[in-house]
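Below is one structure; the comments refer to it alone.
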Amino acid sequence: MQSATPSPSETETAVTATVVEHHRLRHDLAVVRLECDDAIVDFRPGQYVDVAVPQRPTLPRRLSPALPPSLDGKLEFHVRTVPGGWVSGAIVADTQPGDVWQIGAARGGDLHIDDTGRIVIMVAGGTGLAPLRSLILDTARHPDPPRTFLFTGARNPRDLYAADMLMLLSEALPWLTVVPVVETLEIPDIPDPWFDRIAPRIDELGPDPDELLEGSVDEVVTSYGAFGDHQVLVCGPAAMVRTTAQRLIETGTPVENIRYDPY
């Protein structure tokens, strides 16, 4: 059975990038940083690219850069393993500095912030945070950023993998408010040595447990009512995006205000 997506190496626009850092933050999640070798990946914040990794070169995976474009060709991706995911599992467990990735042309673009100045509502599920972080960092470069609220959802507090980074961002950017949401406040009994290794730093820099909102991220966001004159950006697993978009519409948010990439 062939992949529905051609390998980036089969396209004229493929770019190679070399892994310079691989940080495993949870048993099922890693942050990978790369530097482009020759040409630079041409993309806009919020877009996604097809990548092929040496561990599974014929099985490209769509990933969204977590950093805005830079002149020095730096890239960052957040990857969580999925059940039966040969590619995601290999990226999280087996990626090494020096690995060379093939990266295809950027696609998408529905996930963007326009120049109307309207308040921005961001809804992130899991590693759907990555392109929204790219948009936040890009927006910070502009002289008059719009007021932005980032709802970041996870299964439990341990799954808020970027909580410390987001708290630092919200302190540095007065126009940004981060709202962490968890489905349950209970931490699973299953040990996670990667989390345990960095837990002290997260406890110091992460959100106050008393400030965590409990519930599914779609329920929490829509509990604030309709977003009639806002830009609403949604990114995460496909089921979460569909559910959130539907609930937003049902609670009165105009469909034209809701943006997501249907991939």
Worksheet item: Any ring-ring contact (aromatic ring centres under 6.0 Å, His included) pairs touching residues 220-262, not counting sequence neighbours?
Response: Phe151-Tyr224, Phe227-His230
Worksheet item: Quick one: are Val20 and Pro97 in side-chain contact, heavy atoms under 4.5 Å?
Response: no
Worksheet item: Between His78 and Ser64, is there a donor-acceptor pair closer than 3.5 Å when you use the side chain of the first and the backbone of the second?
Response: no
Worksheet entry | Pairing of Arg107 and Asp261 as salt bridge, 4.0 angstrom limit | no
Worksheet item: Do side-chain atoms of Thr95 reach the backbone of Val92 as a donor and acceptor pair under 3.5 angstrom?
Response: no
Worksheet, complete the sentence: Given the options Thr16, Val49, Val51, Val41 meets side-chain contact (heavy atoms from CB on, under 4.5 Å) only with Val49
Practice prompt. Check whether any side-chain heavy atom of Asp99 sits under 4.5 Å from a side-chain heavy atom of Gln55, and report yes or no.
Written response: yes
Fill in: Residues Asp114 and Gln231: side-chain donor-acceptor under 3.5 angstrom
yes
Worksheet item: With distance as the sole criterion, is a donor-acceptor pair present between the side chains of Glu219 and Ser216 under 3.5 Å?
Response: yes
Item to complete: Decide whether a cation-pi geometry holds between Arg147 and Phe149; the criteria are a distance under 6.0 Å from NZ or CZ to the six-membered ring centre and an angle within 45° of the ring axis.
Response: yes
Worksheet item: Which other residues belong to the hydrophobic cluster containing Ile40, where Ile, Leu, Val, Met, Phe, Trp and Tyr are joined when side-chain heavy atoms lie under 4.5 Å apart, directly or via other members?
Response: none
Practice prompt. Could you tell me which residues satisfy salt bridge (charged side-chain N to carboxylate O under 4.0 Å, His left out) with Glu21, sequence neighbours excluded, listed by chain and number?
Written response: Arg33
Worksheet item: Any ion pair linking Asp218 and Arg247 (charged N to carboxylate O, less than 4.0 Å)?
Response: yes
Worksheet item: Does Trp194 sit in a hydrophobic cluster with other residues, and if so which ones, taking ILVMFWY side chains as linked at heavy-atom separations under 4.5 Å, directly or through other members?
Response: none
Worksheet entry | Side-chain ion pair, Asp192 and Arg24, N-O less than 4.0 Å | no
Worksheet item: Listed by chain and number, what are the side-chain contact (heavy atoms from CB on, under 4.5 Å) partners of Glu214, not counting sequence neighbours?
Response: Thr184, Leu185
Worksheet item: Just by modelled atom types, is the Met240 backbone N or O under 3.5 Å from a matching donor or acceptor in the Thr243 side chain?
Response: no
Item to complete: Provide the full list of side-chain hydrogen bond (donor to acceptor under 3.5 Å, both in side chains) pairs with a residue in residues 80-89, sequence neighbours left out, each pair given once.
Response: Asp28-Arg80
